[in-house]
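Quick notes on the structure that follows.
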Amino acid sequence: MLLRVFFFLLCSFDVHCKKLSAFLICIISNQSVVLLGTRFRPLSFEVPKPLFPVAGVPILQHHIEACAKVPNMKEILLIGFYQPNEELTRFMCNTQQELKISIRYLQEYSALGTGGGIYHFRDQIVSGSPEAFFVLNADVCSAFPLTEMLSFQKEHGEPNSFVILGTTANRTQSLNYGCIVENEETREVLHYVEKPSTFVSDIINCGVYLFTPDIFQHIGTVFQKNQQDMLLEEPTNGWHRAEAIRLEQDIFTALAGQGKLYVYKTLSFWSQIKSAGSAIYASRLYLNQYHTTHPERLASNKEGGPKISGNVYIHPTANIDPTATLGPNVSIGTGVTIGAGVRVRESIILHGATLQDHCCVLNSVVGWDSTIGKWARVEGTPSDPNPNDPYAKIDSETLFRDGKLTPSITILGCNVTIPSEVIILNSIVLPHKDLNRGFKNQIIL
């Protein structure tokens with residue numbers, strides 16, 4: 001399942017009770033032809049990337065929990081081209097029960113892009129007379145300062161202005177993101193370029209937006225232009241192509257410098273989740289945030305329990321030997337079994353995995369129902385940002401560099417068996433493999 005996922009949160013004033021009501025809309029698209037999301041394989045073979053557990057809960061749940069803090073949340077709409085399955089339905093039901101929020105799924109007829117998706121369902125979005133709504137890309141991790149963005153919008157620009165969440169990146173890495181040139185006094189966006197070829201600005205787009213319904217007028221203008229352009233070409237899927245609209249390239253570039261678009265710069269953490277390696281880094285950021293948001297999710301040293309070093313999440317159903325050592329930055333899923341003397345650090349251990357006595361797992365993702373034998377060592381190379389650069393972001397490394405596999409974290413797919421006393425280093429193992437020796441810097445198909 002290859003997914004493109006975005007979140008949309010609508011905050012509106014109820015015309016009857018004059019209170020702030022809010023909606024959250026998530027757009028999920030499945031494009032099986034276009035090679036999207038391949039950097040998350042083989043983990044995305046088993047579960048859609050938005051539902052992959054980071055710091056113990058699905059990626060989407062972090063977004064929803066942040067949005068639930070906006071007063072008077074009313075409804076969540078999931079929108080996408082993705083065909084819903086049992087995994088998505090279960091997640092929606094569990095989240096509804098836990099957070100007491102209504103959730104619906106609306107399916108696109110085609111992949112419509114970040115702007116085309118909300119434009120296609122604009123009638124449902126504006127039906128509650130929203131005053132404003134948030135848009136959150138689901139492949140990012142952040143503290144999501146939504147209430148701060150609302151306050152910022154009221155203090156800057158006109159009532160119908162739009163706000164982009166921005167952060168600072170170093171000059172080199174800024175070329176990989178949408179770059180924002182701002183008026184330092186008013187915070188207005190003067191110029192916007194998506195992934196420029198040369199340096200434009202060190203302020204980058206975080207993929208979190210605050211819009212008013214006026215945005216649909218601007219998207220509609222692009223849609224009408226696309227339709228006119230289609231009339232001049234051969235009529236092949238013209239309707240689909242006209243409605244495929246990108247917020248970043250098609251809307252923000254045109255709005256910049258018109259007094260409509262502003263940037264709110266956050267000083268808190270932010271990172272993309274494009275690859276499995278970035279998921280481990282995101283897990284570290286969220287686990288650290290749990291100290292203030294969900295301290296009950298963090299494990300602690302207890303008599304008869306394993307040794308905990310740093311921030312660790314352990315699902316209550318996990319069976320862990322008291323002589324094991326876990327952390328820092330470790331997430332243990334449901335039904336995991338960890339034997340005596342096991343060492344786990346900077347890793348995600350997924351549902352049903354078994355780590356036998358005295359094995360060592362470092363900088364790795366151990367897939368569902370996988371087994372690591374006694375005294376085996378599974379280790380990867382962390383892909384963290386430069387710790388000496390406060391503005392460094394995690395690099396989106398290509399799978400291969402100079403014809404060789406780029407050193408990164410080790411990934412074990414679903415139901416992989418690692419024999420005893422072997423070393424698996426910087427490798428990717430596809431699902432349902434029973435290895436009989438060690439591997440280094442390889443993809444085991």
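Basis for what follows: all heavy atoms, side chains included, without hydrogens, waters or symmetry-related copies.
In this structure, the side chain of S364 does not engage the main chain of V361 through any donor-acceptor pair within 3.5 Å. With R187 contributing its side chain and F152 its backbone, the two residues share no donor-acceptor pair below 3.5 Å. In terms of modelled atom types and a separation under 3.5 Å, the side chain of S370 and the main chain of G413 share a donor-acceptor contact. For T410 (side chain) and E379 (main-chain N/O), a donor-acceptor pair under 3.5 Å exists by modelled atom type. Within the 3.5 Å criterion, the main-chain N or O of H315 finds no donor-acceptor partner in the side chain of T317. Of the possible polar contacts, none joining the S427 side chain to the I443 backbone as a donor-acceptor pair under 3.5 Å is found. Using modelled atom types, one side-chain atom of N426 and one backbone atom of T381 make a donor-acceptor pair closer than 3.5 Å. For T212 (side chain) and E131 (main-chain N/O), no donor-acceptor pair under 3.5 Å exists by modelled atom type. For S44 (side chain) and K49 (main-chain N/O), no donor-acceptor pair under 3.5 Å exists by modelled atom type. The backbone N or O of K393 sits less than 3.5 Å from a side-chain atom of Q173, completing a donor-acceptor pair.
Partner of I320 under the side-chain contact (heavy atoms from CB on, under 4.5 Å) criterion, chosen from V344, L326, V336: L326. Screening L210, V189, I215 against F162 for a side-chain contact (heavy atoms from CB on, under 4.5 Å) leaves a single residue, I215.
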Start with the C-alpha distance between Y391 and W270, add both sets of side-chain angles, then the distance that settles ring pair (Phe, Tyr, Trp, His ring centres under 6.0 Å), and finish with yes or no. CA-CA 10 Å; Y391 301 123; W270 178 89; over 10 Å; no
Full working for side-chain hydrogen bond (donor to acceptor under 3.5 Å, both in side chains) between Y262 and N183: CA-CA 9 Å; Y262 292 79; N183 182 315; over 6 Å; no
Tell me, with the steps shown, if F252 and L261 meet side chain to side chain contact (heavy atoms under 4.5 Å, CB included). CA-CA 8 Å; F252 294 161; L261 195 60; 4.1 Å; yes
So V366 and S347, side chain to side chain contact (heavy atoms under 4.5 Å, CB included) or not? Walk me through it. CA-CA 8 Å; V366 178; S347 298; 6.0 Å; no
Evaluate the side-chain hydrogen bond (donor to acceptor under 3.5 Å, both in side chains) criterion for residues T334 and H351: first the C-alpha distance (whole Å), next the side-chain angles of each, then the deciding distance (0.1 Å), finally the verdict. CA-CA 5 Å; T334 58; H351 167 83; 2.4 Å; yes
Go through the steps to decide whether K260 and E188 satisfy the test salt bridge (charged side-chain N to carboxylate O under 4.0 Å, His left out), and finish with yes or no. CA-CA 8 Å; K260 281 280 189 179; E188 179 192 349; over 6 Å; no
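Looking at E248 and Y192, their side chains come closer than 4.5 Å, going by heavy atoms from C-beta outward. Counting heavy atoms from C-beta on, the side chains of S408 and N363 never come closer than 4.5 Å. For the pair T167 and I203, the minimum side-chain heavy-atom distance is 4.5 Å or more. For the pair T89/E87, no side-chain contact is recorded, criterion being any heavy-atom separation below 4.5 Å from C-beta on. Contact of the P145 side chain with the Y264 side chain is registered, since non-hydrogen atoms from C-beta on lie closer than 4.5 Å. Between F52 and L43, some side-chain heavy-atom pair lies under the 4.5 Å cut-off. A heavy-atom distance below 4.5 Å is not found between the side chains of I273 and V140. No side-chain heavy atom of Y209 sits under 4.5 Å from any side-chain heavy atom of L165.
E98 is linked by a side-chain contact (heavy atoms from CB on, under 4.5 Å) to Q61, E65, R297, counting only residues two or more places apart in sequence or in another chain. Under the side-chain contact (heavy atoms from CB on, under 4.5 Å) criterion, T95 pairs with I64, F91, L99, I103, sequence neighbours left out. For Q97, there are no side chain to side chain donor-acceptor pair (under 3.5 Å) partners at least two apart in sequence or on another chain.
Ion pairing between R246 and E194 fails under the 4.0 Å rule for side-chain N and carboxylate O. Salt bridge status for K274 with D139: present, with a side-chain N to carboxylate O gap under 4.0 Å.
L51 CG to E46 CD: the interatomic distance, rounded to the nearest 0.5 Å, is 13.0 Å. Atom CG of L175 and atom CD1 of I204 lie 11.0 Å apart (nearest 0.5 Å). The structure places OG1 of T114 at 9.0 Å from CD1 of I245, a figure rounded to the nearest 0.5 Å. Note that NE2 of H156 and OG of S151 are 11.0 Å apart. Values are rounded to the nearest 0.5 Å. Within the model, atoms CD1 of I314 and OG of S300 stand 9.0 Å from one another, a figure rounded to the nearest 0.5 Å. Within the model, atoms CG of L412 and CG of L350 stand 9.5 Å from one another, a figure rounded to the nearest 0.5 Å.
Taking the ring axis of Y281 as reference, the NZ or CZ atom of R284 does not stay both within 45° of it and closer than 6.0 Å to the ring centre. Geometrically, R171 engages F199 in a cation-pi contact defined by less than 6.0 Å to the ring centre and at most 45° from the axis.
Between F133 and F211, the ring-plane angle classifies as perpendicular under the 30° and 60° cut-offs.
Sparse packing is recorded around CD of E184, with 12 or fewer heavy atoms of other residues, nucleotides or ligands lying under 6.0 Å away. The 12-atom threshold is exceeded at CZ of F216, counting heavy atoms of other residues, nucleotides or ligands nearer than 6.0 Å.
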